[in-house]
Structure formats: C-alpha cells, structure tokens
Amino acid sequence: MSPSQILWLFASVFTPVGAAGGGVALLKVRRVRRLLREGATARGVVTRHEQTRIAPAADTTSVRRSSGTTVYYPVVAWSTGDGRAMETRADIARPKNRTLPVGARVEVRYDPANPSRWTLPAEGNGLWWLFLALGALFAVMGLGFLIGALSRGR
C-alpha cells in the first residue's frame, strides 16, 4: 500500500468518525444548554441506581483500566408542573463513590412539551464538551490526512 493510499484510508476513517462523534456531542451540548436556560424546574430525589459492568475489550491482548468496573446510573423520581410522575435515568454512569447517593434531593430541568428531555444541572455539560472536542480533533486530523493525500497525489 502506498503512502498516498494510507493517507486516503486514514482520511476516510478519521473525518467521518470525528464529524459524527462531534455532531452527536454538539446536539447533546445544545440540548442541555437549552434546558438549563429555558427548561421548567422540578425537585427530584434519587430513588435507586442502575448498575452496569464495563465489559472487557473483545480482544484479550488489550487491557482497559476500566475493564470489569461496575458503574451506576442514578434514577431520579420527580413530577412535572402538571403533576405527571416521572422516573428517569441519568445519561452518565459513574463509580459508586462518585454518583449521586440514593435519597439525594436534586434539581431537574425539563422540557414541559416533552418531559423525557431532561437534565440535572448539577451534572453539568463537561463530558459532552470533551466528546465534542475529541470529535473536532478527529475531524481535523482526518482533513489533515486528506490534504496530505491530495498533495502526494500531485
């Protein structure tokens, strides 16, 4: 495989993966920011945790530090302004010592037109910004590979 073909291959992988990942993260950031700015407020309580175990990598030659770790999603019970009872699971799981404890009282921001769109202001937006930055980095790297492939092709 020639260096030009390798650059084309990298460009064809990095650019769409970065654009897609960054695009999804951007949508999440915008949704959370809109809910924080315009959403209705409700008081909720963490009723339980849903636990999940991070599976080991499919190939046994690589080891992830988090492999086999159990993480927990807080489940929050709250009511909308019109009295509908809701029980929703947070998007981000964390280790037990870093997740909201059962019984914790939390503020919930939600879209009154679609209460399934909600967020916990205390959780913030930092992780989604990180995913957005990584997506942008991959897209830029892919475009760099593309420029390299085009300049080698001349």
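Reckoned from all heavy atoms, side chains included, excluding hydrogens, waters and symmetry mates.
Note that CD1 of Ile92 is 10.5 Å distant from CZ of Arg98, once rounded to the nearest 0.5 Å. With rounding to the nearest 0.5 angstrom, the OG1 atom of Thr80 is 11.5 Å from the CG atom of Asn114. Here Ile147 contributes atom CD1 and Leu143 contributes atom CG; the two are 6.5 Å apart, rounded to the nearest 0.5 Å. The OG atom of Ser151 lies 9.5 Å from the CG atom of Leu146; values are rounded to the nearest 0.5 Å. Atom OG1 of Thr119 sits about 11.5 Å away from atom CZ of Arg34, to the nearest 0.5 Å. For the atom pair Arg30 CZ and Lys28 NZ, the distance stands at 14.0 Å (nearest 0.5 Å).
Between Thr47 and Ala77, the closest heavy-atom pair is CG2-CB, 3.4 Å. A pairwise comparison of heavy atoms in Met86 and Pro115 identifies CE-CB, 3.7 Å as the closest pair. The two residues Gly148 and Leu7 have their closest heavy-atom pair at C-CD1, 3.5 Å. Minimum interatomic distance between Tyr72 and Pro95 (heavy atoms only, all atoms of both residues): CD1-C, 4.1 Å. Closest heavy-atom contact between Ala11 and Pro16: O-CD, 3.7 Å. Pro101 approaches Val46 most closely through the heavy-atom pair O-CB, 3.4 Å.
Annotation for Phe138: atom CZ does not count as buried by contact number, only 12 or fewer foreign heavy atoms lying within 6.0 Å.
Within the 4.5 Å cutoff, no side-chain heavy atoms of Val76 are placed close to those of Val45. Inter-residue side-chain proximity for Val75 and Glu87 is flagged as met; some heavy-atom pair is nearer than 4.5 Å. Looking at heavy atoms from C-beta onward, Val108 lies out of side-chain contact with Thr88 at the 4.5 angstrom threshold. Between His49 and Val102, the closest side-chain pair of non-hydrogen atoms falls below 4.5 Å. Counting heavy atoms from C-beta outward, Trp118 and Asp111 have side chains that stay 4.5 Å or more apart. The closest side-chain heavy-atom distance from Arg105 to Arg43 is not below 4.5 Å.
The hydrophobic cluster containing Phe14 also contains Leu137, counting ILVMFWY residues as joined when their side-chain heavy atoms lie under 4.5 angstrom apart, directly or transitively. Under the 4.5 Å side-chain contact rule for hydrophobic residues, Leu26 and Leu134 share a cluster. Placement of Val17 and Ile6 within a single hydrophobic cluster is found when ILVMFWY residues are connected by side-chain heavy-atom separations under 4.5 Å, directly or transitively. Hydrophobic clustering of Ile, Leu, Val, Met, Phe, Trp and Tyr side chains at less than 4.5 Å, counting indirect connections, keeps Phe145 apart from Val140.
Under the 3.5 Å distance criterion, the side-chain polar atoms of Ser12 are matched with a main-chain donor or acceptor of Leu9. At distances below 3.5 Å, not a single donor-acceptor pair connects side-chain atoms of Thr99 with backbone N or O atoms of Lys96.
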Might you work through the side chain to side chain contact (heavy atoms under 4.5 Å, CB included) test for Val71 and Thr69, ending with a clear yes or no? CA-CA 6 Å; Val71 291; Thr69 301; 4.2 Å; yes
Working note: Thr41 + Arg109, criterion side-chain hydrogen bond (donor to acceptor under 3.5 Å, both in side chains); need CA distance, chi angles, decisive distance, verdict. CA-CA 5 Å; Thr41 303; Arg109 290 288 182 103; 3.0 Å; yes
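The pair Arg33-Glu38 does not count as a salt bridge, with every side-chain nitrogen at least 4.0 angstrom from each carboxylate oxygen.
Here Tyr110 and Trp78 bring their ring centres to under 6.0 angstrom of each other.
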